[in-house]
Amino acid sequence: MNRHSLSLLAVASTAALATVAHADEGMWMPKQLPQIAKSLKATGLALDPAKLQDLTAFPMGAVVSLGGCTASFVSPLGLAVTNHHCAYGSLQFNSTPQRDLLKNGFNAATLADELPAAPGSRILVTVDMKDVTADILNAKTAALTGKARTDAIEATEKSLVAACEVDKGHRCNVYPFFGGLQYQLIKQLEIRDVRIVHAPATGVGLFGGDADNWMWPRHTGDYSFYRAYVGPDGKPAEFSKDNKPYQPRYHLTMASIPLGDGDFVMVAGYPGRTNRHRLPSEVDFAFGWQQPAMIKAMGESIAIIKAETAGRRDGEIKMAARMQGLQNYFKNLEGQQQSWEGSDILARKQADFDKLKAWVNADAKRKARYGADMAATESLLAEREGITRAELLMTFMSPAMLNAARQMLETAEQRAKPDAERKTGFQDRDLPRLRAAQQQLDRRYDEPTDKRLVAHFLAQYLAQPADTLDAAWLNALGLKAGQDEASIRVQLDKLYAGSKLADTASRMAWMDKDVAAFKASDDTFIKAAVALYDDDQKRENRDKELGGKLQKAYAGTQQALIDYHASRGEAVYPDANSTLRISYGTVKGRDVGRDGETWTPFTTLRGIVAKHKGPDEAGGEFNAPANELAAIKAKQYGNYYVKSLDSVPVNFLSTLDTTGGNSGSPVLNKKGELVGLLFDGTLDAVISDWDFNPKTVRSICLDARYMLWQMSVVDKATRVLDEMGVKH
């Protein structure tokens, strides 16, 4: 979605929080923790909840963002642990059929052997959060609507960010909370030299593959280690052999007490997005049309990638990161739809919204204040849904190198302007990220697969009524309504053959060229990007206009909700938005509700042996390494044997409230010590992004004892263990 199509979520009370809807529910902002201190202490936290507000103190100062995943420092020398699937892209980028890090894992013998992570990799250390609502929604902006409002908000954001980033080495961003009612300026130390230190083999880190994804019982060693490096002066710098390990102020230590059933656990991380406060019409559209359409398109994409790369390991490696993301999201959405079918979620959402409207209409002053805005919001949401229906396929049918050309052309267009006047995302601060995105294509682009995917979805698009198709797209690609896939492939062959952008050096050279060079080029994808430019700008301006209207109209709805919930004294946390949050709960299994099926809270090494099928069965997803199986058979448990389990614990269930982005988050015990890593949820509870159910919500965590067992007994990663202060 275009960043200017503002995500507008309904908001509940921001007043003091007296109680929590459910004991384990909530992804809380650090500043809210004192308000839920009683519940935290009652659940088992031994630390002072008030101290968890300080992002630069222990333990929050050890928790970092990877920009999509979470990690945490576990040594004084910048060693950071995260999930294997979060480091998967870096492992993929460094893999070849001759040196297959995905298959065999990686263990750097010395600092000098640690490998650069994928281009654009970052470790972001949050150092400050500041409320800037009054700046963003000043009197002048509050009087605007449409694109003018969107532009004014963006201009203020850029000004605040520029002032913040005068402190070199930091990345600053403005985030909306409560659907744009509040804004926070978040400042992060941006560490740009990130290296891979250690990762287990895929047979450990991805054991069970897609078959076990979102499932329980689970036996996955989902962990990997990065290291943060800085320049000789201790400040963030680009990769250099002269750089040295970063020294964080705080790092986590391994648990000094064993973890058991019912114990308190807490997770700190960067959850991506939840939708629990969406309006009923948005919920209905998401589950009634948008998600089913996404499931269909992603399922077709997965099947095409599998077929096109079969028997070509180089192709499989190039498409591995994309395939992992597709499969994960595909299964997540399928799980959501399964939970949605036959549920009363929409009825409950509608009933709650009807109560709000009744409360508004019961008082003349409230009706005058909120009524028009609430009606406008519903109308504007319907307009946005129409755009989504018309254009969803377009996100799947654009060739990768055409996308690259469009981004580079926009970069050239914006570079011709003063930095402060450029679009967000194309300022000088963004150029390293833009270059990294282009560089990544070097190892993440497989032309036969790309061409087949594009032809497939273009055929679907062109089969729609001719008067609904975008003429600019047809002209740019030389296509016409009604073409079948075979004739589309003929045209695509010409387009791909006429471009040199697949060559990394040729592509990267375009990052420094001006607009005139783009317009004069005869490269087929460059020419197509130029032909599409005006249409792209038209869409962006349309989205800004709609987004600005929505933001303003929704303000009235949000205020109504604030007053309504405040009148009821209800406690609410904001929906997740990729900023630092804290969730808490306990280690706990679950009565599934199916005859004779109960989930116990821990799995053990025995399950790995039971599930192992080897490389040739079940797609090789249950293929544990031979040395791991031998160690289990010999009962080489090291220091990690648990008598009550008669084995080493592998994964555990908890009542932690988490979502995507929490992957890699440290799971802490009551003393703030590391007991595991959050990496998944269960399939019948992924709908919790929209509707929290305490009976079903469970988060799946890697037990740190399994990670340490694997590192010491199987992989002999002694250097990393020594650095973490772990006896082995």
Using side chain to side chain donor-acceptor pair (under 3.5 Å) as the criterion, point out the one residue from T696, D684, T600, T598 that pairs with R590. D684

With sequence neighbours left out, write down each residue that passes disulfide (SG to SG under 2.5 Å) with C701, or none if nothing qualifies. none

Which residues share a side chain to side chain contact (heavy atoms under 4.5 Å, CB included) with A87, sequence neighbours left out: S224, Y226

Please identify each residue that fulfils salt bridge (charged side-chain N to carboxylate O under 4.0 Å, His left out) with K611, with sequence neighbours left out. D212

side-chain hydrogen bond (donor to acceptor under 3.5 Å, both in side chains) partners of T655, counting only residues at least two apart: D24

Any pair counted as salt bridge (Lys or Arg N to Asp or Glu O under 4.0 Å), so long as it reaches residues 632-655, sequence neighbours left out: none

Contacts satisfying salt bridge (Lys or Arg N to Asp or Glu O under 4.0 Å) that involve residues 47-57 (not counting sequence neighbours) are none

Side chain to side chain contact (heavy atoms under 4.5 Å, CB included) filter on P601, not counting sequence neighbours, yields D261, V587

What residues form a side-chain hydrogen bond (donor to acceptor under 3.5 Å, both in side chains) with D680, not counting sequence neighbours? R218

With Q337, which residues qualify under side-chain hydrogen bond (donor to acceptor under 3.5 Å, both in side chains), at least two apart? Q291

Sequence neighbours left out, what passes side-chain hydrogen bond (donor to acceptor under 3.5 Å, both in side chains) with D657? Give chain and number order. R276

Among pairs that include at least one residue of residues 177-198, which meet salt bridge (Lys or Arg N to Asp or Glu O under 4.0 Å), considering only residues two or more places apart or in two chains? R122-E190, D167-K187, R192-E238, D193-R195

Applying side chain to side chain contact (heavy atoms under 4.5 Å, CB included), can you list everything that pairs with V686, at least two apart in sequence or on another chain? W214, N332, Q336

